[in-house]
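Take a look at the structure below.
On a predicted model such as this, the values are computed, not experimentally measured, just so you know. This chain uses plain numbering: 1 for the first residue, then up along the sequence.
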Amino acid sequence: MRESAEDRRQRILEIIDHRDEVKVAHLAALLGVSMVTVRRDLEALTRQGAVVRLHGKVTAPRRTSGEPAPGDGAAGTVSIISPERHPYLNEVVQSARQSLQHAGYRVVLHLTPNERSPAAHQWRHLIDDESDGLLLAPRWRSAEVMQAEAQALKDVALPTVLMERRPPRGPAWQHLDAVSSDHEHGVSLAVEHLVDLGHRRILLATRQDSPTARAVSTAFASVAAAHPQVEHHMSVLSSPDAAGEDHGAVVGAVQVAYPDHDDPSWLPRLLKDQGFTAALIHSDENALVLAHRLTAAGLSLPGDCAVVAYDDVVAGLGSVPLTAVAPPKAAVGRVAAQLLIERIRTQRKEQSWTPRRIELLPTLEVRDST
């Protein structure tokens with residue numbers, strides 16, 4: 001996946017934070033880019049006042065004695081709460097942590113256990129007593145669990161920003177800030193790409209045990225049904241453990257079918273029986289498994305079936321690199337951190353605050369599977 005200029009420049013700042021001073025040529029080597037590219041990045045960062053260039057070297061601006069150094073906690077403390085063993089959210093959390101530490105905040109990270117039926121509001125007791133703000137990415141395996149969290153979140157007095165979670169509309173949620181990916185846009189990118197390649201019958205194989213999964217499922221039903229060139233579409237669970245606590249039977253008005261996951265040939269048979277020529281698969285891990293089953297059954301990718309993964313955490317690492325919808329995970333963490341910092345500063349000044357809901361657009365990374 002091609003790294004954006006914004007992400008590359010963030011990496012430059014992180015390298016300078018750790019090394020204090022670095023040669024421009026060494027920086028280009030560390031980043032794996034040309035000298036021309038790194039000089040262009042440094043020019044942009046210099047204009048922003050983020051770095052200082054000195055005869056072939058680059059360093060951070062000198063700070064006054066009263067200004068906090070990155071990560072020393074002088075600006076305050078922020079708690080980040082996220083599920084354990086969650087590769088998708090790991091990138092979001094890492095980006096948020098780096099942004100907060102660069103701004104001088106001490107970060108306290110807590111991981112909630114990966115349990116099928118966790119205790120209600122298990123994250124509440126994890127909030128650090130000294131915290132000035134909270135970044136929260138709850139697992140929310142089902143829509144019912146999400147709705148049950150409303151009161152618990154309402155009782156949190158700290159400035160709080162949800163990361164990669166879009167709360168429902170309604171008064172119970174109106175005090176919360178949130179930064180998330182626009183998954184309807186991501187699904188639209190995938191469907192349009194497949195339609196442009198001539199596909200008219202598209203299958204969604206999806207999980208249902210996270211807000212992202214349910215957003216993808218709902219968006220696919222809407223986008224595919226509205227597209228004049230999509231002749232047939234349906235949704236199935238992508239793996240035997242992909243159902244949420246409501247077992248994934250219905251998500252909103254979306255009916256999700258249960259294939260026989262005990263039979264490894266279920267996907268090739270379904271494609272043949274229903275005439276599907278393309279599949280959008282959430283998540284990456286499930287997409288890699290199902291793509292392997294397709295090739296093991298003698299089908300070629302993309303000759304017999306085009307495959308698009310959703311998440312782009314490991315989609316490019318398969319024997320056939322998978323085209324993938326790539327939510328802007330690092331940007332979500334960075335923007336969430338910036339929003340929380342702004343809200344903390346506003347509260348310290350005892351000024352009023354209007355909650356914000358920010359959605360960032362995914363991209364489509366085209367690879368061999370389409």
key: Val236 and Trp266: CA distance, side-chain angles, deciding distance, side chain to side chain contact (heavy atoms under 4.5 Å, CB included) verdict   = CA-CA 11 Å; Val236 299; Trp266 70 266; 3.9 Å; yes
message = One pair to check against side chain to side chain contact (heavy atoms under 4.5 Å, CB included): Val58 and Ile16. What are the steps and the verdict?
response = CA-CA 8 Å; Val58 61; Ile16 293 171; 3.8 Å; yes
ask   = Are Cys305 and Leu271 close enough, and set up right, to give a side chain to side chain contact (heavy atoms under 4.5 Å, CB included), and what steps lead you there?
value = CA-CA 8 Å; Cys305 180; Leu271 296 177; 3.8 Å; yes
task = Evaluate the side chain to side chain donor-acceptor pair (under 3.5 Å) criterion for residues Thr370 and His193: first the C-alpha distance (whole Å), next the side-chain angles of each, then the deciding distance (0.1 Å), finally the verdict.
result = CA-CA 9 Å; Thr370 59; His193 175 63; 2.9 Å; yes
message = Between Leu203 and Leu267, does the side chain to side chain contact (heavy atoms under 4.5 Å, CB included) criterion hold? Intermediate values first, please.
response = CA-CA 10 Å; Leu203 173 72; Leu267 182 57; 3.5 Å; yes
inquiry  = Using side chain to side chain donor-acceptor pair (under 3.5 Å), reason through Arg97 and Gln101 one step at a time and then give a plain yes or no.
reply    = CA-CA 6 Å; Arg97 179 188 64 79; Gln101 290 178 335; 2.7 Å; yes
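When all heavy atoms are compared, the tightest approach of Arg357 to Pro168 is NH1-O, 4.2 Å. Ala309 approaches Leu322 most closely through the heavy-atom pair CB-CD1, 4.3 Å. Closest of all the heavy-atom pairs between Ala137 and Met163 is CB-O, 3.7 Å. Here the shortest heavy-atom pairing between Gly316 and Pro321 reads O-CB, 3.7 Å. Shown here for Ala315 and Leu288, the closest heavy-atom pair between the two residues is O-CD2, 4.1 Å. Taking every heavy atom of both residues into account, Leu100 and Ala337 meet most closely at CG-CB, 3.8 Å.
Residue Val289 is found outside any hydrophobic cluster, as its side-chain heavy atoms come under 4.5 Å of no other Ile, Leu, Val, Met, Phe, Trp or Tyr.
Both Tyr88 and Val335 are part of a single hydrophobic cluster, where members link through side-chain heavy atoms under 4.5 Å apart. In the hydrophobic cluster analysis, where Ile, Leu, Val, Met, Phe, Trp and Tyr join through side-chain heavy atoms closer than 4.5 angstrom, Leu290 is grouped together with Met234. Note: the hydrophobic cluster containing Ile281 does not contain Leu364 (ILVMFWY, side chain heavy atoms under 4.5 Å, direct or indirect links). Each of Leu197 and Val307 belongs to its own hydrophobic cluster when Ile, Leu, Val, Met, Phe, Trp and Tyr are linked at side-chain heavy-atom distances under 4.5 angstrom. A chain of hydrophobic side-chain contacts below 4.5 Å, direct or via other Ile, Leu, Val, Met, Phe, Trp or Tyr residues, connects Val78 to Trp353.
When side chains are defined from C-beta on, Val191 does not count as touching Ser188, because their heavy atoms never get closer than 4.5 Å. Contact annotation: the side chain of Asp177 never approaches that of Leu340 to less than 4.5 Å [non-hydrogen atoms, C-beta and beyond]. Using a 4.5 Å cut-off on side-chain heavy atoms (C-beta onward), Ser319 and His292 make no contact. The side-chain heavy atoms of His232 and Gln274, taken from C-beta on, include a pair separated by under 4.5 Å. With contacts defined as side-chain heavy-atom distances shorter than 4.5 Å, the pair Val22/Ile12 does not qualify. Contact of the Val230 side chain with the Arg200 side chain is not registered, since no non-hydrogen atoms from C-beta on lie closer than 4.5 Å. In this structure, the side chains of Ser82 and Thr112 stay at 4.5 Å or more apart for every pair of heavy atoms. At least one side-chain heavy atom of Arg269 sits less than 4.5 Å from a side-chain heavy atom of Asp263.
Between the side chain of Arg214 and the main chain of Gln208, a donor-acceptor pair closer than 3.5 Å is present. Using a distance-only test at 3.5 Å, with no hydrogens or angles considered, no donor-acceptor pair links the side chain of Thr295 to the main chain of Leu299. Panel note: side chain His86, backbone Leu89; a donor-acceptor pair is recorded below 3.5 Å. Listed for the Asp311 side chain is no donor-acceptor partner under 3.5 Å among the backbone atoms of Val313. A donor-acceptor distance shorter than 3.5 angstrom exists from the side chain of Asp284 to the backbone of Val314, with no hydrogens or angles considered. No donor-acceptor pair under 3.5 Å is formed between the side chain of Arg53 and the backbone N or O of Val51. Not a single donor-acceptor pair under 3.5 Å links the side chain of Ser95 to the backbone N or O of Glu91. Between the side chain of Arg367 and the backbone N or O of Thr323 there is no donor-acceptor pair closer than 3.5 Å. In this structure, Ser238 contributes its side chain and His282 its backbone to a donor-acceptor pair below 3.5 Å. With hydrogens and angles disregarded, a donor-acceptor distance shorter than 3.5 Å links the side chain of Arg139 to the backbone of Glu84.
To the nearest 0.5 Å, the span separating CG on Leu194 from OG1 on Thr277 amounts to 8.0 Å. A distance of 5.5 Å separates CG in Leu162 from CG in Leu136, rounded to the nearest 0.5 Å. Leu280 CG to Thr206 OG1: the interatomic distance, rounded to the nearest 0.5 Å, is 8.0 Å. Summarising the geometry, atom CD1 belonging to Ile202 is positioned 9.5 Å from atom CZ belonging to Phe276; distances are rounded to the nearest 0.5 Å. Remark: Gln347 CD to Ile344 CD1 distance equals 8.0 Å, nearest 0.5 Å. Atoms OG and CZ, on Ser79 and Arg106 in that order, are 8.0 Å from each other to the nearest 0.5 Å.
Applying the ring pair (Phe, Tyr, Trp, His ring centres under 6.0 Å) rule to His233 yields the partners Phe220; only residues at least two apart in sequence or on another chain are considered. Lys57 is linked by a side-chain hydrogen bond (donor to acceptor under 3.5 Å, both in side chains) to Glu21, counting only residues two or more places apart in sequence or in another chain.
For His227, the NE2 atom is densely surrounded, since the number of other residues' heavy atoms within 6.0 Å is greater than 12.
A donor atom on one side chain and an acceptor atom on the other are found under 3.5 Å apart for Glu164 and Ser181.
Ion pairing of Arg8 with Asp41 is present here, as a side-chain N (NZ or NE/NH1/NH2) and a carboxylate O approach within less than 4.0 Å. Glu285 has no carboxylate O lying under 4.0 Å from a charged side-chain N of Arg207, or vice versa, which leaves the two without a salt bridge. Salt-bridge annotation for Asp312 and Lys329: absent, with no side-chain N of the basic residue lying under 4.0 Å from a carboxylate O of the acidic one.
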